[in-house]
Amino acid sequence: MKLPWYVVPKTALFDWIPLLGKSTANSIGPFIFIPTKIYIDLKSENPNPKHIALLIHEETHRKRQKQIGFLKFGMKYLFNSNFRFQEELIAVKEAMKYLKKNKIKFDFDKNSKFLSSYVYLWPVSKKYAEKELKRVWNEL
């Protein structure tokens with residue numbers, strides 16, 4: 001798969017940035033940073049559909065940052081847990097559309113644990129995250 005110029009593999013620098021690390025994907029300004037193994041898979045002829053869904057998720061964040069303004073988005077994302085959670089739901093919804101269209105199951109338990117974790121600065125409870133993820137899935 002040919003990736004846009006702004007999708008790049010994560011470097012060792014990310015190991016030193018709290019919450020970003022090397023195992024998560026991140027949209028920061030015009031760039032999407034992807035863990036190296038996922039980046040390599042996405043460049044292959046037959047990438048894992050879940051990795052494509054991840055790229056769709058991050059592309060949604062990238063577009064939203066551009067629309068809202070990078071600095072404004074970043075400040076609200078960092079300091080407003082409701083904004084952060086809603087932005088994640090917007091991005092997850094876009095990824096879910098792809099997964100559902102391709103008849104790929106969505107792991108509500110795993111995703112709700114992750115979405116309610118320290119990675120997102122605990123914006124909501126796991127129970128609430130799971131309820132909202134199921135709501136979004138069922139609306140598609």
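- Using a 4.0 Å cut-off between a side-chain N of Lys or Arg and a carboxylate O of Asp or Glu, K37 and D41 do not qualify as a salt bridge.
- One hydrophobic cluster, built from ILVMFWY side chains closer than 4.5 Å, holds both L13 and I32.
- In this structure, the separation between CZ on F31 and CG on N26 is 13.5 Å, given to the nearest 0.5 Å.
- Distance alone, capped at 3.5 Å, is enough to place a donor-acceptor pair between the R84 side chain and the Y120 backbone.
- Side chains of L3 and I34 form no contact here, defined as non-hydrogen atoms less than 4.5 Å apart.
- Of all heavy-atom pairs spanning R64 and I90, the tightest one is NH2-CD1, 3.8 Å.
- Between T24 and K10, the closest side-chain pair of non-hydrogen atoms falls below 4.5 Å.
- Judged by the 6.0 Å distance and 45° axis criteria, R62 is positioned over the aromatic ring of Y6.
- Shown here is K100, whose NZ atom has more than 12 heavy atoms of other residues, nucleotides or ligands within 6.0 Å.
- Residue M75 places its CE atom among 12 or fewer non-hydrogen atoms of other residues, nucleotides or ligands, all under 6.0 Å distant.
- Between D109 and N111 the shortest side-chain heavy-atom distance does not fall below 4.5 Å.
- Atom-to-atom distance recorded for K76:NZ and Q86:CD is 11.0 Å, nearest 0.5 angstrom.
- Side-chain contact check for Y128 versus S116: every heavy-atom pair is 4.5 Å or farther apart.
- Looking at E132, M96, K93, K97 one by one, the single match for side chain to side chain contact (heavy atoms under 4.5 Å, CB included) with W137 turns out to be M96.
- Distance check: H61 NE2 to I68 CD1 gives 11.0 Å after rounding to the nearest 0.5 Å.
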Chi angles and distances behind the ring pair (Phe, Tyr, Trp, His ring centres under 6.0 Å) call for F33, Y39: CA-CA 9 Å; F33 298 96; Y39 180 83; over 10 Å; no
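- With hydrogens and angles disregarded, a donor-acceptor distance shorter than 3.5 Å links the side chain of S27 to the backbone of E58.
- Side-chain contact between P49 and N102: absent, with no pair of heavy atoms (C-beta onward) separated by less than 4.5 Å.
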Go through W122 and F85 one step at a time and tell me if the ring pair (Phe, Tyr, Trp, His ring centres under 6.0 Å) criterion holds. CA-CA 9 Å; W122 306 278; F85 182 71; over 10 Å; no
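- Nearest approach of A53 to A95, heavy atoms of both residues: O-CB, 3.3 Å.
- By the rule that hydrophobic residues join a cluster once side-chain heavy atoms approach within less than 4.5 Å of another member, V124 and V119 end up as members of one cluster.
- I56 is connected to L133 through a chain of hydrophobic side-chain contacts under 4.5 Å among Ile, Leu, Val, Met, Phe, Trp and Tyr, so both are in one cluster.
- Counting only heavy atoms from C-beta outward, the side chains of H57 and E94 never approach each other to under 4.5 Å.
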E88/Y77 under side chain to side chain donor-acceptor pair (under 3.5 Å): CA gap, chis, key distance, verdict: CA-CA 10 Å; E88 288 306 321; Y77 192 91; 2.4 Å; yes
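- Open room surrounds CG on N46; 12 or fewer heavy atoms of other groups in view lie less than 6.0 Å from it.
- A heavy-atom distance below 4.5 Å is not found between the side chains of K126 and L115.
- Looking only at side-chain heavy atoms (C-beta outward), V136 and V92 stay at 4.5 Å or farther from each other.
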Could you walk me through whether E87 and T60 satisfy the side-chain contact (heavy atoms from CB on, under 4.5 Å) test, starting with their C-alpha distance in whole Å, then the side-chain angles of each, then the deciding distance to 0.1 Å, before giving a yes or no? CA-CA 9 Å; E87 287 299 317; T60 303; over 6 Å; no
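- Summarising the geometry, atom CG belonging to L140 is positioned 15.0 Å from atom OH belonging to Y98; distances are rounded to the nearest 0.5 Å.
- In terms of heavy atoms, P47 sits closest to M1 at CG-SD, 3.9 Å.
- Under the 4.0 Å criterion applied to side-chain N and carboxylate O atoms, E130 and K127 are not assigned as salt-bridge partners.
- Taken together through direct or relayed side-chain contacts under 4.5 Å among Ile, Leu, Val, Met, Phe, Trp and Tyr, W16 and F14 form parts of separate hydrophobic clusters.
- In this structure, F83 and F73 have perpendicular ring planes: the angle between them is above 60°, well past the 30° mark.
- L78 is not connected to L71 by any chain of hydrophobic side-chain contacts under 4.5 Å among Ile, Leu, Val, Met, Phe, Trp and Tyr, and they are in different clusters.
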